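Take a look at the structure below.
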Amino acid sequence: MSFPLLTATAVLPAIGAIATAAVPAARRTAAKWLALFFSLGTLALAAVVLVRFEPGGARYQLTESHAWIADFGVRYELGVDGIGVSLLALTALLVPFVILAGWHDADPLEDVNPNRRWRPTQGFFALILMVEAMVILSFEATDVFLFYILFEAMLIPMYFLIGGFGDRAHAGGDEAAATQRSYAAVKFLLYNLVGGLIMLAAVIGLYVVAGTFSLSEIAAARADGSLTMATNTERLLFLGFFFAFAVKAPLWPLHTWLPNAMGEATAPVAVLITAVVDKVGTFAMLRFCLQLFPEASTWATPAILVLALISIIYGALLAVGQRDMKRLIAYASISHFGFIIMGIFAMTSQGQSGATLYMVNHGISTAALMLVAGFLISRRGSRLIADYGGVQKVAPILAGTFLIGGLATLSLPGLSPFVSEFLVLVGTFSRYPVIGIIATLGIVLAALYVLVLYQRTMTGPVKNEVRTMPDLRLRELVVVTPLIALLLFLGVYPKPLTEIVNPAVEHTMSDVQQTDPKPEVEAAP
């Protein structure tokens, strides 16, 4: 029996979460180093998965399959394609930076009894590792029921990370901050639970129709004609799955939980939400919606493209008008997720390749921008843009990294998100030119909100409150530098990523029986 590599990538952070939570209350620093050690171990395993993955090989690789709940046809089945392995690597890459960036976010504000039972620092890092374990396993699951369990279970640690470890830079004081954190956490939980309950009904319906939860068995049965779904049944099941994924993504008008959650969470947890957890929703659209329900996916495409277009424009417009730095980044992410979903449902190879690249590149660029914003907020103690000014004169490295993160967010050529956004727009335009043209307005608005944000915070006269602001420290540089290096590298040389992604996109296009539209060429006179 070969080594269960995929299982190991999820089990290791889960073990790390348990070990970190068990560290005595007085050993906070030891708990931090232990969490970082397990996250780096997970990153090493993810690197092994990447090395062993063959882009031109079988659709699902490094597969594992074991009986789990045999009476109900539930199996523990894992496998990764090019899309899943890319997002697995992204998750494993970002979590060590999240841990380093949040090194002091859960430290007590005052001296406490070291013998107390509640250990907030240990709990904070243990919850981060538990989220990592569940997200990684969700990218690997090829059993629909197993995926559903993980899809719902990851809400629990995220709820406590948002509600229990919120941003300390709150203008209303501790009591107001606690109220807002609680509101954001409950809203996050309720929205996603409703989506999950609707998905559960669809999962049960799928089992009634197919007699199995195995993705590979369902695909094989549809290919040989032994499984057929009535049109209305397939469309209802598709809507049940898509609704849950659209909440997680988030897609307008199911997006309203995200600005609250990202605004009230610490900056590292905000990165965990939008760069890692939310990707499960868009990933699942590719793996489950398109593969299980190809006819319904094609049927729903026009409506979904309109919703994605609204997300792009709406998110960007709301970002332009924000006064809160973190909420601005949250609304920008809503706009970016609109691009991702538009690329998925453009039903072209360029669009879906661009959407997958966008998931990875958005994770890196948002992590860079949000973490630097978090460093800035921790120094000033305020999230309000108006409380800053002239930062580049007193902290030039901080301002420079903030600018690079912002330029990546607006998809500047030479930085990795540009390639993704370009492919999405080209792929969309080739089949839906009107949608593609209108979506370009999102690029213009992105330039507006990013450059205005930089101008108001980093340039102009130095405000008294920022005159003594220190520049980035060594730990913070260790967090930001690799992210910026990745943005530059993948911006000028995206081939390593496209080689992994493109074969998986070809399989998805085959599932929905779509081919790229041929360009119209006028006959020579």
Side-chain angles (χ1 to χ4, degrees), residues 86-87 90 94 245-252 254-259 261-262 270-283 285-286 304-305 307-320 322 325-346 351-371 373 405-413 415-425 427-428 435-436 438-451 453 483 487 490-491:
S86 300
L87 294 174
L90 172 69
L94 290 182
F245 303 152
V247 172
K248 183 85 79 179
L251 178 68
W252 182 93
L254 306 171
H255 67 284
T256 59
W257 63 268
L258 182 65
M262 288 185 65
V271 169
L272 204 62
I273 294 169
T274 191
V276 176
V277 173
D278 286 356
K279 298 301 188 303
V280 176
T282 46
F283 161 80
M285 291 178 189
L286 280 165
I304 294 172
L305 287 177
L307 294 177
L309 184 61
I310 294 173
S311 289
I312 292 169
I313 307 302
Y314 173 87
L317 284 173
L318 268 290
V320 170
Q322 287 303 306
M325 196 180 308
K326 291 171 68 178
R327 289 178 70 91
L328 184 152
I329 299 172
Y331 279 109
S333 290
I334 292 170
S335 182
H336 295 147
F337 275 103
F339 277 108
I340 294 170
I341 295 170
M342 186 176 73
I344 292 171
F345 285 91
Q352 292 187 359
S353 293
T356 305
L357 293 176
Y358 215 135
M359 286 188 248
V360 175
N361 292 327
H362 170 263
I364 299 171
S365 62
T366 298
L369 181 60
M370 178 60 85
L371 292 179
L407 294 176
T409 297
L410 64 82
S411 300
L412 184 76
L415 297 173
S416 59
F418 169 77
V419 180
S420 317
E421 202 163 273
F422 179 78
L423 285 173
V424 167
L425 289 171
T428 303
I435 296 288
I438 298 174
T440 57
L441 180 60
I443 303 175
V444 178
L445 293 173
L448 180 61
Y449 62 69
V450 167
L451 295 178
L453 171 65
L483 296 175
L487 290 173
L490 294 176

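Model, not experiment: these values are computed from the prediction.
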Item to complete: With side chain to side chain contact (heavy atoms under 4.5 Å, CB included) as the test, would you mind laying out the steps for Ile340 and Val424 before giving the verdict?
Response: CA-CA 7 Å; Ile340 294 170; Val424 167; over 6 Å; no

Fill in: Candidate pair Glu421 and Ile443, rule side chain to side chain contact (heavy atoms under 4.5 Å, CB included), full reasoning
CA-CA 9 Å; Glu421 202 163 273; Ile443 303 175; 3.1 Å; yes

Fill in: From CA spacing to verdict: side chain to side chain contact (heavy atoms under 4.5 Å, CB included), Ile334, Leu318
CA-CA 10 Å; Ile334 292 170; Leu318 268 290; over 6 Å; no

Item to complete: Show your reasoning for whether side chain to side chain contact (heavy atoms under 4.5 Å, CB included) applies to Leu307 and Ile341.
Response: CA-CA 9 Å; Leu307 294 177; Ile341 295 170; over 6 Å; no

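Here the shortest heavy-atom pairing between Leu445 and Ala316 reads CB-CB, 3.5 Å. Of all heavy-atom pairs between Pro259 and His255, the closest is CD-O, 3.4 Å. Pairing each heavy atom of Leu251 with each of Ser311, the nearest pair is CD1-OG, 3.4 Å. Closest of all the heavy-atom pairs between Ile344 and Met285 is CD1-CB, 4.3 Å. When all heavy atoms of Ala346 and Gly427 are compared, the closest pair comes out as CB-O, 4.0 Å. The two residues Ser420 and Asn361 come nearest to each other via the heavy atoms OG-ND2, 2.6 Å.
Counting only heavy atoms from C-beta outward, the side chains of Lys326 and Met370 approach each other to under 4.5 Å. Side-chain contact between Met359 and Leu90 is absent, with no heavy-atom pair separated by less than 4.5 Å. Annotation: side chain of Ser411 is in contact with side chain of Tyr358 (closest heavy-atom distance under 4.5 Å). Looking at Val450 and Leu369, their side chains never come closer than 4.5 Å, going by heavy atoms from C-beta outward. Using a 4.5 Å heavy-atom cutoff, the side chains of Val271 and Leu371 are in contact. Counting only heavy atoms from C-beta outward, the side chains of Pro417 and Thr409 never approach each other to under 4.5 Å. The shortest distance between side-chain heavy atoms of Leu483 and Leu94 falls below 4.5 Å.
Atom OG1 of Thr274 is separated from atom CE of Met262 by 4.5 Å, given to the nearest 0.5 angstrom. Taken from CG in Asp278 to OG in Ser333, the straight-line distance is 8.0 Å, to the nearest 0.5 Å. Of the inter-residue distances, the one linking Leu451 atom CG with Leu407 atom CG reads 7.0 Å to the nearest 0.5 angstrom. Note that the CD1 atom of Ile313 and the CD1 atom of Ile310 stand 10.0 Å from one another [nearest 0.5 Å]. In this structure, the separation between CG on Leu357 and CZ on Phe418 is 13.0 Å, given to the nearest 0.5 Å. A distance of 10.5 Å separates OG1 of Thr356 from CG of Leu423, quoted to the nearest 0.5 Å.
Distance alone, capped at 3.5 Å, places no donor-acceptor pair between the Lys248 side chain and the Lys279 backbone. A donor-acceptor pair under 3.5 Å is absent between the side-chain atoms of Thr428 and the main chain of Leu425, judged by distance alone. When atom types are taken as modelled, the side chain of Trp252 and the backbone of Gly338 share no donor-acceptor pair closer than 3.5 angstrom. Without hydrogens or angle criteria, Ser365 side chain to His362 main chain gives a donor-acceptor distance under 3.5 Å. Under a 3.5 Å cut-off, the side chain of Ser416 and the backbone N or O of Gly491 do not form any donor-acceptor pair.
Within a 6.0 Å radius of CZ in Phe422, no more than 12 heavy atoms belonging to other residues, nucleotides or ligands are found.
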